[in-house]
Structures are given as structure tokens and as C-alpha cells.
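As C-alpha cells, the structure follows; a few thoughts come after it.
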Amino acid sequence: MLVAERYEMIVQLVNEKGSIRVSELSELCKVTEETIRRDLDRLEQAGRLRRSHGGAVSVKNEQPETPYAVREIMNAEEKRRIAEEAVKQIQPNDRILLDASTTAWYMASSLPDIPLTILTNSIRVATELAGKEKIEVISTGGQLLQRSLSFVGPLAERSLETYYVDKLFFSSQGVHLDRGISESNELQARLKQKMVSIADRVILLADASKFGQQAFTHVVNLSQVSEIITDSRLSDPIRSQLTELAIPVTVV
């Protein structure tokens, strides 16, 4: 079997099964597991699948991220109010983690120039903070996703492993009361899982349109969220359910 034929066979198997282990691919393709791992690396670089622990997963049904320029004008006024409320929770000398959401960018633009350490995977957030002399900005680096202007991938994940922060402010594609928080692709979801794991307080910034939505990849359960900041369009039934879950909610 030619290398190109093996690549096509691997992609076909991954898409048919949804996910598959290296050992199974090795047996089906009649090559060593080391060869399969190299194949998976090349196919991931080409965007034809995603590597997972011990194997690969299909990207056939992944939802593309909404371009940043589009997200920037969606529910913009609500996001600005949420960001302004979130900024009130920041104290001098805090260690803060901001994701690559537009709400986090609104936070960065309204932050006062006070002594802070801010870690981010967002090019827009880092650029916005660059003119504030008292704020130390640390970028994760990693693989650049052009649609969201954010860094993701193994390098970004390893970068986060070296830090602990007082507060994480992040958003997501979907917030479902039973199924938790979700993102449009696996790379974003994995990075946000790592963000949650290094933060003392986890603050979800979600305008009302996000609730009841379920995106492609699970991030964390709502039980891992310390607080939610949302807008006044949030329905009374959802507010009541969040209260039952003992999650503090600030409505702006």
C-alpha cells in the first residue's frame, strides 16, 4: 500500500468510526504503531483529523468557529455590560487569565492601568493591553487559529501548565444546564479545560443567547464554574435553575 493510499484509508476509518486507536489502525493498515503515529501527526497538520490520547478523532462534523469580526458585533452591547461588571471584580496585583472571547477583549479595553499580571491566548487581548504600562502581559503562544485570533494546541496547553491564576474570565459557544459548557472545536475546548484547572475562581461571561445551546465539544460541567455574569435577557426559568444549582449569577 502506498503512503497516500494509507492516509486515505486512515481518514476514512476515523470518519466512519468517529474515533479510533493507534493499535487498531496499526493492525488494519499492517504497519507499526510508530508509523501510524507519524501518519496521524501529518494528517492533523493537514486538518484532516484531530489527534487524541492514544488515537485520533474525526473532524467531519466539527462546527467552524464564527469569525472574530462577526462575533465582535453579535450582542455587542450586552457583552460590553458584562465586561464592565467583570472588571469590577479585579483587584490590584491579581493574576488574571483571559480567553480569546470578544467579551474578554471588551474587558481588556476597559481595564484601568493598575498592577496586574494577565495571561491570555488572545492576540486581540494582548494587543489591547500593550499600552497599559502597569499590566504585565503573558501570551501562551501556540498554534494560531485565524478565525478567532487565538493560540491553541499542545504548546499553548503546556504553557498554561506552568502557571496558577487567581481568576479566569472566559466565555463559550454554548451553556447547557444539563450538559455543561461547550465549544465549537476540540482544540478550543481542550485549552479551556486547562484554563479552568489552573484558576482559583472560574467566572463565566455568557450573554443570554448562549444559554440552552450545545456546541460540538464539551469543556467542563457547570459545577466547575464559580460564578456567571450574564445579561437581563436571561429567562426566569433558567435563572431559577441556576439558583437550584447553587451557582451565583450576576445579571447586568
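These numbers come from a predicted model, not from an experiment.
Crowding of Glu133 atom CD: a count of heavy atoms from other residues, nucleotides or ligands under 6.0 Å not exceeding 12.
Using modelled atom types, one side-chain atom of Glu44 and one backbone atom of Arg51 make a donor-acceptor pair closer than 3.5 Å.
Judged as a side chain to side chain contact (heavy atoms under 4.5 Å, CB included), and not counting sequence neighbours, the contacts of Arg6 are Met1, Val3, Ile10, Cys29, Val31, Thr35, Asp39. Judged as a side chain to side chain donor-acceptor pair (under 3.5 Å), and not counting sequence neighbours, the contacts of Arg179 are Gln214. Listed by chain and number, the residues in a salt bridge (Lys or Arg N to Asp or Glu O under 4.0 Å) with Glu128 amount to none (sequence neighbours excluded). Contacts of Ser197 classified as side chain to side chain contact (heavy atoms under 4.5 Å, CB included), with partners at least two apart in sequence or in another chain: Lys194. Partners of Gln224 under the side chain to side chain contact (heavy atoms under 4.5 Å, CB included) rule, at least two apart in sequence or in another chain, are Val196, Val220, Asn221. Asp200 meets the side chain to side chain donor-acceptor pair (under 3.5 Å) test with no other residue; sequence neighbours excluded. With sequence neighbours excluded, no residue forms a side chain to side chain donor-acceptor pair (under 3.5 Å) with Lys132. In this structure Pro154 satisfies the side chain to side chain contact (heavy atoms under 4.5 Å, CB included) test together with Arg158, sequence neighbours excluded.
Using modelled atom types and a 3.5 Å distance limit, the side chains of Gln188 and Thr217 yield no donor-acceptor pair. Side chains of Lys210 and Ser172: a donor-acceptor N/O pair is absent below 3.5 angstrom, by distance only.
Pairs engaging residues 94-114 under the salt bridge (Lys or Arg N to Asp or Glu O under 4.0 Å) rule: Asp94-Lys167, Arg95-Asp166, Asp99-Lys192 [sequence neighbours left out]. Sorted by first and then second residue, the salt bridge (Lys or Arg N to Asp or Glu O under 4.0 Å) pairs involving residues 27-36 (not counting sequence neighbours) are Glu33-Arg37, Glu34-Arg38. Residue pairs that meet the salt bridge (Lys or Arg N to Asp or Glu O under 4.0 Å) test with at least one member in residues 100-112, sequence neighbours left out, do not exist here.
Using a 4.5 Å heavy-atom cutoff, the side chains of Thr120 and Thr140 are not in contact.
Using a 4.0 Å cut-off between charged nitrogen and carboxylate oxygen, Glu8 and Arg48 count as a salt-bridge pair.
The side-chain contact (heavy atoms from CB on, under 4.5 Å) test with Phe169 is passed by exactly one of Leu97, Leu204, Ile90: Ile90.
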- request: Report the C-alpha separation of Lys79 and Thr103 in whole Å, then their side-chain angles, then the decisive distance to 0.1 Å, and conclude whether the side-chain hydrogen bond (donor to acceptor under 3.5 Å, both in side chains) test is met.
  value: CA-CA 5 Å; Lys79 290 176 181 178; Thr103 312; 5.2 Å; no
Throw together a table of side-chain donor-acceptor distances under 3.5 angstrom for residues 225-232, partners on residues two or more places apart or in other chains.
unit_1 : atom_1 : unit_2 : atom_2 : d
Ser226 : OG     : Val202 : N      : 2.9
Glu227 : OE1    : Gln89  : NE2    : 3.3
Glu227 : OE1    : Arg201 : NH2    : 3.0
Glu227 : OE2    : Gln89  : NE2    : 2.9
Glu227 : OE2    : Thr250 : OG1    : 3.0
Thr230 : OG1    : Ala206 : O      : 2.7
Asp231 : OD1    : Arg233 : N      : 2.9
Asp231 : OD1    : Arg233 : NE     : 2.8
Asp231 : OD2    : Ala208 : N      : 2.7
Asp231 : OD2    : Arg233 : NH2    : 3.2

